[in-house]
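One structure below.
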Amino acid sequence: MSKSSEIDLLLIGKTGNGKSATGNSILGRKAFKSCASADSVTKSVDFEVGKVNGRVVKVVDSPGVGDTELDKEKAFTLVLDGLKFAIVANPVGYHAFLLVLKYGSRFTAEEHQTVKFLKHVFGQSFVGDHCIIVMTNGDTFVNNHEGSGKTFESWCEEQTGEFKEILKECNGRIVLFDNRTRDEEQKTSQTQKLMRMVDHLRKHGKRYTDESFENALKTRTLLIVEFKEPLIREETLAETSLMIQKLEKLQANRLQGSWLKQLEDLLIQAEALYTKVDSQDRGTGVLKSLKETVQSIKSQLSDEIKLCFNTVKKNEMLANKNSKEARTESQTDQQGRPSCVMEHPNENDEPMNELLKILEDLRLKQTGQRRHMMDSYSESKGKFQNLLFPLLLSRFNWPSAMSFKSFNVTQ
């Protein structure tokens, strides 16, 4: 049998809508284990092959979206990994995605989120290009409208809201399935109607392949980041809160201890956190507000470090200036003041005492006793010169070559 006559179908949809039962109806046998409950029976990718009207049909059953037996993160991972595997394991691709919905259940926000999830996984255009809606629970529809003459097609035309939008998006491709019926004619009829829709897609489109799946990588990445965003936000805000508390404490104790070193360490921590959040964002922009929060803390720390550095630098400059002035004053004292300042003589310093006596005699001469002291002046002057010159040489280190002739006492 030629490859062109083979059909590859992938069952997708919310847990409890009857995916596995639909697969059994298509293949005409109990190939998949099914259960009429909200708990998913299919927790891994399963596939079965059978002949339908002489054609080989491969049906792949994927894990249901919204498994109630698993926690949210495990369910998300299970479905995403399962859908990835379903694509990779069938490299030739799929002719159609069978989006299984259940009649009698309102197209709620949860159903809408399921379709949104699948769009993120397979790409935004997959509904319009590859989807056929299979509405299960057909027996309930027949019972509800028995005797009214209302057909399923007319019922679909009456629908409004999000269900109408999804039906429009897949160009009205929808078929009602009764997975409980024992009527062979009805089984054949609903399966044939489905196959006609599949053939229509084959003629006007192409298979959804792993290449198509790779093209939807951006939307899957967005889905993953959006799913993890609440946990990432909680962890990041907790860490930034601790950083802000530490920064406020350091601001209240500026210039104490290892203040600058602690600020620098805190900045390194903030930069590492920003890098982490940016990596988790994966270019989607989902974590933009978190990145802005961390960036704000980085800016505060950088400003604080700059202020700290300038303050320390200013204090060092002031200290250097004071030290320089102190050295200048000391040098002035050593070089200038000793030449004109004489220490108080010791009482036992006989040469100095003799010199002072001579100076006193000279003072008396100059204050009115000049004539009385004139006779002894020459003698006193000679003594003064003989005592003063050696004394100055020894006390003040005057150059020995200096002539005492340059020293003159006013007469």
Side-chain angles (χ1 to χ4, degrees), residues 10 12-15 40 42-45 62-89 94 97 99 108-131 162 165-166 169 208-244 267-300:
L10 178 60
I12 56 176
K14 182 172 169 288
T15 297
S40 176
T42 304
K43 297 192 186 311
S44 61
V45 175
S62 65
V65 179
D67 193 325
T68 56
E69 286 188 337
L70 303 173
D71 63 58
K72 189 175 181 180
E73 184 172 359
K74 287 183 178 179
F76 175 86
T77 304
L78 171 70
V79 174
L80 189 57
D81 290 346
L83 294 174
K84 286 181 181 178
F85 179 77
I87 299 299
V88 175
Y94 294 93
F97 289 88
L99 177 59
T108 60
E110 188 176 2
E111 297 282 359
H112 176 72
Q113 287 300 317
T114 298
V115 174
K116 181 180 178 182
F117 173 86
L118 293 171
K119 283 183 177 181
H120 279 312
V121 174
F122 296 115
Q124 295 298 313
S125 64
F126 100 99
V127 172
D129 295 340
H130 302 282
C131 256
E162 292 178 342
E165 292 300 319
I166 191 69
E169 191 173 352
Y208 185 97
T209 64
D210 53 352
E211 182 180 353
S212 307
F213 193 67
E214 281 302 313
N215 292 335
L217 177 60
K218 185 175 181 179
T219 57
R220 285 197 303 281
T221 302
L222 179 65
L223 174 69
I224 293 170
V225 177
E226 284 180 341
F227 177 80
K228 294 182 177 181
E229 190 270 345
L231 180 60
I232 295 174
R233 178 173 294 277
E234 181 180 352
E235 292 177 347
T236 303
L237 292 181
E239 193 166 350
T240 55
S241 177
L242 293 175
M243 288 183 182
I244 292 172
L267 178 59
I268 292 173
Q269 184 182 346
E271 289 173 342
L273 180 59
Y274 183 88
T275 301
K276 178 182 176 182
V277 175
D278 185 54
S279 175
Q280 291 171 323
D281 183 69
R282 299 172 69 174
T284 63
V286 173
L287 305 180
K288 180 181 178 182
S289 62
L290 278 181
K291 289 170 63 177
E292 290 175 347
T293 298
V294 181
Q295 180 61 47
S296 174
I297 294 175
K298 283 177 57 182
S299 299
Q300 290 183 55

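Note that these values count all heavy atoms, side chains included, but never hydrogens, waters or copies made by symmetry.
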Side chain proximity check, I166 to V127, heavy atoms < 4.5 angstrom: yes
Test of ring centre spacing under 6.0 Å for Y208 and F126: no
Neighbour count >12 (heavy atoms, 6.0 Å) for atom NZ, K298: yes
Between T275 and D278: side-chain donor-acceptor atoms closer than 3.5 Å: no
Heavy-atom side-chain contact between R220 and F213 under 4.5 Å: yes
Over 12 non-hydrogen atoms of neighbours within 6.0 angstrom of CZ in F85: no
Smallest separation among heavy atoms of P63 and V45, with atom names: CD-CG2, 4.2 Å
Test item: V225 and Q280 side chains (from C-beta on) under 4.5 Å apart, heavy atoms: no
Contact summary for C131 and L99, nearest pair of heavy atoms: SG-CB, 4.2 Å
Straight-line distance of I87 CD1 to S62 OG, nearest 0.5 Å: 9.0 Å
Value rounded to 0.5 Å, distance of CD1 in I297 from CD in E292: 12.5 Å
Donor-acceptor contact present, side-chain T240 to main-chain T236, <3.5 Å: yes
Check: K218 main-chain N/O paired with R282 side-chain donor or acceptor under 3.5 Å: no
Check: E226 and H120 side chains under 4.5 Å, non-hydrogen atoms: yes
Approximate separation, where rounding is to 0.5 Å, of D281 CG and I232 CD1: 8.5 Å
Distance (rounded to the nearest 0.5 Å) between I12 CD1 and F122 CZ: 5.5 Å
Worked check of side chain to side chain contact (heavy atoms under 4.5 Å, CB included) between I224 and K228: CA-CA 6 Å; I224 293 170; K228 294 182 177 181; 3.9 Å; yes
Distance (rounded to the nearest 0.5 Å) between L290 CG and K276 NZ: 11.5 Å
Exceeds 12 heavy-atom contacts within 6.0 angstrom, atom CD of E211: no
Residues E169, K119; criterion salt bridge (charged side-chain N to carboxylate O under 4.0 Å, His left out); working and verdict: CA-CA 12 Å; E169 191 173 352; K119 283 183 177 181; 2.9 Å; yes
Whether over 12 other heavy atoms sit under 6.0 Å from K291 NZ: yes
Main-chain N/O of A238 paired to S241 side chain as donor or acceptor, under 3.5 Å: no
Check against side chain to side chain contact (heavy atoms under 4.5 Å, CB included), L118 and F97: CA-CA 11 Å; L118 293 171; F97 289 88; over 6 Å; no
Residues T219, V121; criterion side chain to side chain contact (heavy atoms under 4.5 Å, CB included); working and verdict: CA-CA 7 Å; T219 57; V121 174; over 6 Å; no
Distance-minimising heavy-atom pair for S289 and R233: OG-NH2, 2.9 Å
Spatial distance of atom CD (E239) from atom CG (L273) [nearest 0.5 Å]: 4.5 Å
Test item: L80 and F227 side chains (from C-beta on) under 4.5 Å apart, heavy atoms: no
